[in-house]
There are 2 protein chains.
Amino acid sequence: MSKTTSGPRVQPVRAQIQGTASFSKFMTVLQAIADEPTRLDFAKLTKILPYPRGTLYRIVTALLAEGLIAESLENGTYQLGHRLIQLASRSWETSDLRSIARDHIEALRDATGETVHLAVPSGNGMVYIDKLESPRTVRMTSRIGTRVELYSTSVGKAYLAGLPEEECRAIIEGMDLKPRTRNTITDADALYADIQKSRAQGYSYDNEENEADIRCFGGTIFDRSRRPVGAVSLSIPIYRYNKELAKAYVEKIQETVQAISDSMATIV
Amino acid sequence: MSKTTSGPRVQPVRAQIQGTASFSKFMTVLQAIADEPTRLDFAKLTKILPYPRGTLYRIVTALLAEGLIAESLENGTYQLGHRLIQLASRSWETSDLRSIARDHIEALRDATGETVHLAVPSGNGMVYIDKLESPRTVRMTSRIGTRVELYSTSVGKAYLAGLPEEECRAIIEGMDLKPRTRNTITDADALYADIQKSRAQGYSYDNEENEADIRCFGGTIFDRSRRPVGAVSLSIPIYRYNKELAKAYVEKIQETVQAISDSMATIV
DNA sequence: GGCATATTGTCCATATTATGGTCAATATGT
DNA sequence: ACATATTGACCATAATATGGACAATATGCC
């Protein structure tokens with residue numbers, strides 16, 4: 001509701017837990033600065049965020065003081081601060097799932113020679129928390145920390161397929177299915193059918209739905225109680241793709257996610 | 001004032017800007033979780049933080065909801081969340097200093113064959129924002145995002161040497177000089193003398209003061225107005241160290257930081 | 001297994017905090 | 001140099017966070 005005039009994608013402030021409304025605002029501002037590819041100055045922030053000047057000014061000042069954002073060299077614009085890098089790098093190193101999965105996805109990369117991603121759900125998307133490049137060094141427009149859509153990626157669809165059916169259905173209903181390529185599934189029913197198929201098959205498939213010229217297979221990682229907690233994907237450039245290879249790769253992914261899920265269950 | 005009984009190092013909440021007190025508390029809790037090497041459960045958090053249960057519970061719940069922290073596999077304990085990785089991923093690529101410095105420190109690494117760090121001031125220390133390993137793959141206990149002390153590292157001392165004398169002196173007065181190795185300078189006057197020498201020489205030197213068996217040289221990066229904004233260091237294992245080499249390395253560092261400072265001045 | 005004790009999660013009146021309109025100072029554009 | 005836009009500061013008021021108290025649940029002990 002009530003978006004400002006020219007403002008693009010500003011996520012609505014969610015304030016379920018009472019007593020945290022103010023904090024949500026701070027995070028919304030931080031996220032807005034993180035999301036914007038071009039540097040923002042204060043004027044632009046007032047345009048894309050629904051807060052009055054005084055409020056926003058105070059929030060920005062606090063974020064600066066905490067080191068979460070910093071002033072750029074181009075004066076008057078803001079970028080993320082080093083405090084955030086410090087926190088993120090520690091998060092990266094101490095992540096349970098990532099450390100458990102490391103050996104397994106490395107084996108998968110070595111066995112296939114293709115790029116492997118490890119992703120976890122975050123907000124309304126998936127975030128890559130690890131990536132191993134194909135030794136054949138085909139560039140992909142991903143990096144660790146990238147947030148991708150649930151509906152257009154194999155990791156997203158693998159995660160959805162791992163959820164209880166009603167929960168999955170509910171999430172799909174709430175989605176805004178923006179086409180990312182000409183193959184992106186933009187119809188909710190078609191997507192739901194695709195997820196059902198993924199669940200039945202035991203893997204998900206992205207046929208150039210997120211990025212042109214790249215096909216992916218995905219597998220779901222479950223915790224001990226069979227809640228999906230992440231996903232692994234294998235990305236194959238179409239020119240290297242063929243049916244027999246695909247079949248072998250799918251099996252390897254399934255082994256990989258099974259092994260990761262098992263490790264998680266036994267560790268606790 | 002009023003710390004809880006057994007609580008160790010909890011940074012005092014600074015609330016200079018009015019209207020941000022609550023946010024400071026949230027950040028203090030997040031930092032406490034980040035700082036503790038062993039996973040914390042709720043009970044331990046109540047012990048090391050000066051907030052009452054209800055308050056802390058609400059803060060932790062909000063941090064969980066925002067994805068800044070997550071529950072570990074060991075039940076009931078918390079770790080940093082993946083949202084942090086997602087937030088920082090863009091900053092990583094857009095950091096001005098890092099992108100400007102990249103080529104220069106790469107050249108330094110290639111010329112010397114030793115490990116190079118790029119650091120910026122953050123809080124009361126320096127944070128590594130880039131690192132290039134020696135091709136000889138000598139392990140070092142550093143990583144990007146690590147925060148190191150001003151007084152025991154070459155990057156820290158290089159930064160201090162770049163500050164105006166009074167400012168430098170004031171910072172040193174406020175320091176708690178904890179020994180990190182047997183060589184760490186723990187006397188404020190001795191440290192000040194060392195910084196003076198560094199300033200005169202045009203480089204800083206860490207003689208196993210931060211880490212045993214590692215010697216470092218550091219150089220200061222200045223912005224256009226000659227404020228120090230960062231530092232570059234070269235780390236040399238003692239068994240590879242010798243006087244002639246050192247002399248050549250120092251010159252190369254000085255060239256490197258000069259080149260980076262020049263680039264920054266021309267770009268803005 | 002059952003009682004006692006510790007811990008976790010929830011609620012709500014109150015005190016504290018954030019809010020956002022206003023205004024002065026400064027920067028920007030013409 | 002003047003007009004206009006933007007920034008930074010203030011403060012009465014409204015909204016929020018606080019933290020004690022209590023219920024529900026888990027844990028330890030005999």
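Here is how names work: the chains are called A, B, and so on, in the same order as the sequence lines, proteins then strands, and each is numbered from 1. The basis for the numbers below is simple: all heavy atoms, side chains too, and nothing from hydrogens, waters or symmetry mates.
- In this structure, A/Leu49 places its CG atom 15 Å from C1' of C/dG20, rounding to the nearest Å.
- Taking only side-chain nitrogens and oxygens, B/Ser22 never comes nearer than 4.0 Å to OP1 or OP2 of C/dT17.
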Interface polar pairs with nucleotides 25-30 of chain C, N/O, under 3.5 angstrom:
none

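- Rounded to whole Å, atom P of D/dT18 lies 12 Å from atom CZ of A/Phe23.
- Between A/Glu149 and A/Arg180 there is no salt bridge, since none of the side-chain N atoms of the basic residue sits less than 4.0 Å from a carboxylate O of the acidic one.
- In this structure a side-chain-to-backbone donor-acceptor pair under 3.5 Å is missing from B/Ser233 to B/Gly218.
- Every residue was checked against the side chain to side chain contact (heavy atoms under 4.5 Å, CB included) condition with B/Glu255, not counting sequence neighbours, and none meets it.
- Protein atom CD1 of B/Ile59 is 11 Å distant from nucleotide atom C1' of D/dG19, rounded to whole Å.
- Comparing C/dT17, D/dG20, D/dT16 against the side chain of B/Pro52 picks out D/dG20 as the nearest.
- Look at B/Glu71 and B/Arg39 and you find no salt bridge, because none of the NZ, NE, NH1 or NH2 atoms lies under 4.0 Å from a carboxylate O.
- Distance A/Lys25 NZ to C/dT17 C1': 11 Å, rounded to the nearest Å.
- For A/Arg90 (side chain) and B/Ala34 (main-chain N/O), a donor-acceptor pair under 3.5 Å exists by modelled atom type.
- Looking only at atom types and distance, the side chain of A/Gln86 has no donor-acceptor partner in the side chain of A/Arg83 under 3.5 Å away.
- Atom P of nucleotide C/dG20 and atom CG of A/Leu56 are separated by 11 Å, given to the nearest angstrom.
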Return the polar atom pairs (N/O with N/O) between nucleotides 7-11 of chain C and the protein under 3.5 Å, or none.
residue	atom	partner	partner atom	Å
C/dG9	O5'	B/Tyr57	OH	3.4
C/dT10	OP2	B/Tyr57	OH	3.0

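- In this structure a side-chain-to-backbone donor-acceptor pair under 3.5 Å is missing from B/Tyr159 to B/Gly125.
- No side-chain N or O of B/Ser204 forms a donor-acceptor pair with one of B/Ser198 less than 3.5 Å apart.
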